[in-house]
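Because the structure is a prediction, the values reported are computed rather than measured. Just so you know, ligand 1 is whichever comes first in the structure, and atom 1 is the first atom listed for that ligand.
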Amino acid sequence: MHRLKSTANQLATFFFLLALVILPVASPATAQSIQEMVNKAPNGLALTPPMGWNSWNHFQCNINEKVIRDTADAMVASGMRDAGYQYVVIDDCWHGPRDANGFITADPQRFPSGIKALADYVHSKGLKFGIYSDAGRLTCGGRPGSEGHEYQDALTYARWGVDYLKYDWCNTGDRNAQEAYATMADALRASGRPIVFSMCEWGTAKPWLWAKNTGNLWRTTGDISDDFAVKKKGHDWEHPVTMIADLNEPLWPFAGPGHWNDPDMLEVGNGGMTPDEYRSHFSLWAMMAAPLIAGNDIAHMDDTTKSILENKEVIAVDQDALGIQGHRVWKDGDREVWVKPLTGGARAILLFNRGEAPAAITATADQFGWPAGIRAKVRDLWTHKDAGRWSNSISATVGAHGVAMFRVGP
Ligand code: GLA
């Protein structure tokens with residue numbers, strides 16, 4: 001009797017355990033959601049390219065808590081937040097020393113109220129808060145890096161309410177990039193707070209080949225400079241917009257929801273380019289599903305800058321839920337056609353003129369594999385006007401260093 005009962009118990013336990021193993025696998029919904037998670041992101045974040053502002057391109061190391069608060073205020077007052085810009089990110093030079101236990105502190109002169117108070121302020125404006133560190137011993141600006149302190153720093157960021165970490169690659173010696181970024185990704189996961197992970201490794205170790213399950217975005221190039229095609233100033237590691245676009249463009253197959261190629265932050269409004277060049281810069285970034293991280297002085301931007309950064313029709317191309325990075329489909333000298341597939345079978349089409357004089361450019365259906373006779377509407381995304389029906393091509397005379405950008409679709 002006793003023996004029988006125990007066999008029955010064993011059988012019951014066996015079937016119970018079997019059910020635990022089989023049920024989740026047998027449920028198609030569960031299998032599908034696991035696959036979706038794997039396809040999408042290491043942490044489920046950044047399903048469209050992140051949008052926000054970062055202090056570096058304009059302020060460099062000249063930052064303090066007032067600059068960040070004023071920018072957060074201006075993000076709201078200027079309409080940037082409502083246009084979709086979400087993350088307010090402090091770049092290099094916010095750091096003070098590590099304390100006696102190795103925890104990082106903020107520079108007490110520049111950030112006397114501390115980072116937690118600043119993050120709270122940014123959050124109170126309906127925005128999210130980001131911060132910067134480095135995988136080496138020191139940041140590029142010579143502040144303490146996170147090497148050997150990854151878990152401690154991730155914990156600190158989570159306690160402060162950080163939503164986004166940009167993680168740089170200076171002073172890393174012979175450290176392996178895959179290991180260094182995976183370590184910080186693990187530390188961020190272990191912190192328990194959802195934190196977008198922005199890898200700033202400059203493309204040196206080709207992160208697009210291995211970082212899909214590590215970071216949400218990875219820099220593909222050196223730093224951007226506020227120049228269109230010819231660098232007028234800056235260091236060896238800085239490149240003009242057209243050069244960055246050319247380096248980032250061929251990497252289009254590696255981008256997708258949760259894991260984006262990052263051709264660096266925007267220079268729109270920083271004064272080194274003409275309005276037409278800034279429109280080209282912004283359009284190219286949108287076509288490439290690039291993170292749209294403004295890098296200008298938001299609190300003092302002029303109306304032209306605002307009209308570019310807040311062009312919601314161009315932003316919608318960048319933020320399209322399909323998450324396919326567009327690319328160049330035709331080139332003849334300085335004249336180019338770029339195409340980005342959008343949800344619902346639509347396409348964004350960019351006519352780009354790199355030349356010094358106006359040029360006629362035509363995009364045709366066969367350049368991007370559309371059959372003849374597709375019925376669709378054409379919308380001009382810079383003049384904000386309907387431009388008639390699609391008839392297998394679009395032509396425009398495009399100004400020097402300029403673009404014409406269209407959405408063709410239902
Ligand atoms: C590197 C990065 C830049 C910026 C600076 C800060 O150059 O690529 O984007 O973060 O460091 O020092």
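Counting atoms of ligand 1 from 1 in the listed order, those under 4.0 Å from a heavy atom of Cys140 are 1 (C), 11 (O), 12 (O). Atom numbering of ligand 1 starts at 1 in the shown order; those under 4.0 Å from a heavy atom of Trp56 are 4 (C), 5 (C), 6 (C), 12 (O). Close contacts of ligand 1 with Arg219, meaning ligand atoms under 4.0 Å from a residue heavy atom, involve 8 (O), 9 (O). The atoms of ligand 1 that sit less than 4.0 Å from any heavy atom of Asp91 are 4 (C), 6 (C), 10 (O).
At distances below 3.5 Å, not a single donor-acceptor pair connects side-chain atoms of Lys212 with backbone N or O atoms of Asn216.
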Test side-chain hydrogen bond (donor to acceptor under 3.5 Å, both in side chains) on Glu150 and Thr183 and set out the steps.
CA-CA 7 Å; Glu150 289 89 350; Thr183 303; 5.4 Å; no
Step-by-step side-chain hydrogen bond (donor to acceptor under 3.5 Å, both in side chains) determination, Glu249 to His327
CA-CA 6 Å; Glu249 185 272 342; His327 65 283; 5.3 Å; no
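Between Trp330 and Trp338, the ring centre distance reaches or exceeds 6.0 Å. Taking the six-membered ring for Trp and the full ring otherwise, Tyr181 and Trp169 have centroids separated by under 6.0 Å.
With distances taken over non-hydrogen atoms, the option nearest atom 8 (O) of ligand 1 out of Ile224, Asp223, Ile293, Asp264 is Asp223. When Met265, Lys166, Gln60 are ranked by how near their heavy atoms come to atom 9 (O) of ligand 1, first place goes to Lys166.
Between Asp168 and ligand 1, at least one pair of N/O atoms sits closer than 3.5 Å.
In this structure, Asn57 and Gly295 approach most closely via the heavy-atom pair CB-O, 3.4 Å.
Ranking protein heavy atoms by distance to atom 12 (O) of ligand 1, first place goes to Asp92 OD2, 2.8 Å.
By the criterion of a heavy-atom distance under 4.0 Å, neither the backbone nor the side chain of Thr139 is placed next to ligand 1. Only the side chain of Cys200 comes within contact range of ligand 1, with a heavy atom under 4.0 Å; no backbone atom does.
Every heavy atom of Trp169 sits 4.0 Å or more from the atoms of ligand 1.
Ring planes of His259 and Trp218: parallel class, angle under 30° (limits at 30 and 60°).
Glu147 has no carboxylate O lying under 4.0 Å from a charged side-chain N of Arg137, or vice versa, which leaves the two without a salt bridge.
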